[in-house]
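What follows is a set of notes on a single structure, which appears directly below.
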2 protein chains.
Amino acid sequence: MTDARPLEDFGPTDAMVADVFQRDCTSRQLLEAVTGRWGVLTVVGLRDGAVRFNALRRRIDGVSEKMLAQTLQTLERDGVVVREVRATIPPHVEYSLTALGRRVADDLTRLIDVLEGATVEVAASQRAYDARRDA
Amino acid sequence: MTDARPLEDFGPTDAMVADVFQRDCTSRQLLEAVTGRWGVLTVVGLRDGAVRFNALRRRIDGVSEKMLAQTLQTLERDGVVVREVRATIPPHVEYSLTALGRRVADDLTRLIDVLEGATVEVAASQRAYDARRDA
DNA sequence: GTATGCACTTACTTTTCGTTAGTGCCACCC
DNA sequence: GGGTGGCACTAACGAAAAGTAAGTGCATAC
């Protein structure tokens, strides 16, 4: 943010005011990275500090190595997570959150609390819906 | 929630304590419905009151009719949105949020505010990342 | 010296998604 | 009164994404 972007770098679809409802807005890309299939669990999984790749993979039940790697790369590119290679013997890789990542993780954690608290209600709603459908 | 679920209805994977990190937890299903490809925008798009199908579709840039219909059905089944047919002439359909939906929408709105406020930072991060990769 | 863990990448399959077209009904326009 | 368009979807098909399995090179543990 220290250097301004020249005006000609702004394309026609690159609105001045960010809006996730707009298809080509940068914030929409970020939303998809963060709330994609494995984005939420990845970000929240890094909330309590630096975690190694395979530890994170074990924490997030169901994620494949491929998808975790891909998700982490996208999030790193977007400035949500940081990848660091520790020069230990043997060397290992640690992932952690940026300042932006921590803000995102806080919001997502609040969301998850709501969702986890709603499971009984949701299961009941599903049963009622399916009963209506079957009839 | 007025009637208790018999103990035998709980399967082995249906933990007593909800945890989104567990693959088979109901809360994980709900997380995927809410944060799926179009879930976030659908829920937040209903935040200011009842909206008709095609109005919502116009609001969410890029969504297809098929995916919006599918997303709304899943969210209805999970008890996040309500579908109501108004008996006007001609009749029309309105979607709105449940109490749970409103709580979810509030959290998601806070998240979106963070994301929309981070676009410049994110664009810079992307450029830096790509420059590193190209080198 | 065999097995396992680490942090990935690549090739292949399956699932999901997007695109297009079609449905029946009604209102509006000229 | 015949054409156009909106409404709220569903169905069929090709394209994109995700899941699965195996391979990589190095290092430690047994």
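Quick note on labels: first sequence line is chain A, next is B, and so on, each numbered from 1.
Considering CD of A/Glu121 and CG of A/Leu115, their distance stands at 11.0 Å, rounded to 0.5 Å. B/Leu30 CG to A/Ile112 CD1: the interatomic distance, rounded to the nearest 0.5 Å, is 10.5 Å. If you take CG on B/Asp78 and CG on B/Leu31, they are separated by 11.0 Å, rounding to the nearest 0.5 Å.
Between B/Asp130 and A/Arg77, at least one side-chain nitrogen of the basic residue sits less than 4.0 Å from a carboxylate oxygen of the acidic one, meeting the salt-bridge criterion. Between B/Asp106 and B/Arg47, at least one side-chain nitrogen of the basic residue sits less than 4.0 Å from a carboxylate oxygen of the acidic one, meeting the salt-bridge criterion.
Taking atom CD on A/Glu32 and atom P on C/dT16, their separation rounds to 18 Å, with Å as the unit. Atom CG in A/Leu68 sits roughly 13 Å away from atom P in C/dC6 (whole-Å rounding). Between B/His92 atom NE2 and D/dG6 atom P the separation is 17 Å, expressed in whole Å. Summarising the geometry, the separation between CG on A/Leu41 and P on D/dA18 is reported as 14 Å, rounded to the nearest angstrom. In this structure, the CD atom of A/Gln70 is 6 Å from the P atom of D/dA18, given to the nearest Å.
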*Show your reasoning for whether salt bridge (charged side-chain N to carboxylate O under 4.0 Å, His left out) applies to B/Glu94 and B/Arg83.*
CA-CA 6 Å; B/Glu94 276 183 6; B/Arg83 176 181 186 273; over 6 Å; no
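Dashed line: the shortest gap from a side-chain N or O of B/Asn54 to OP1 or OP2 of D/dA8 is under 4.0 Å. Taking only side-chain nitrogens and oxygens, B/Arg57 never comes nearer than 4.0 Å to OP1 or OP2 of D/dG6. A sub-4.0 Å separation between OP1 or OP2 of C/dC6 and a side-chain N or O of A/Arg86 is absent.
When distances run from any side-chain atom of B/Arg58 to the nucleotides D/dA8, C/dT9, D/dC7, the shortest one goes to D/dC7. Minimum atom distance to the side chain of A/Ala69 is reached by C/dT9, of the listed D/dT10, C/dA7, C/dT9.
Here B/Gln73 lies in heavy-atom contact (under 4.0 Å) with sugar-phosphate atoms only.
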Between the protein and nucleotides 19-27 of chain D, are there any N/O to N/O pairs under 3.5 Å, and if so, what are the atom names and distances?
unit_1	atom_1	unit_2	atom_2	d
D/dG19	OP1	A/Arg37	NE	3.1
D/dG19	OP1	A/Arg37	NH2	3.2
D/dG19	OP2	A/Trp38	NE1	3.0
D/dG19	N7	A/Lys66	NZ	3.0
D/dG19	O6	A/Lys66	NZ	2.6

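Closest heavy-atom contact between A/Trp38 and A/Asp61: CZ3-O, 4.2 Å.
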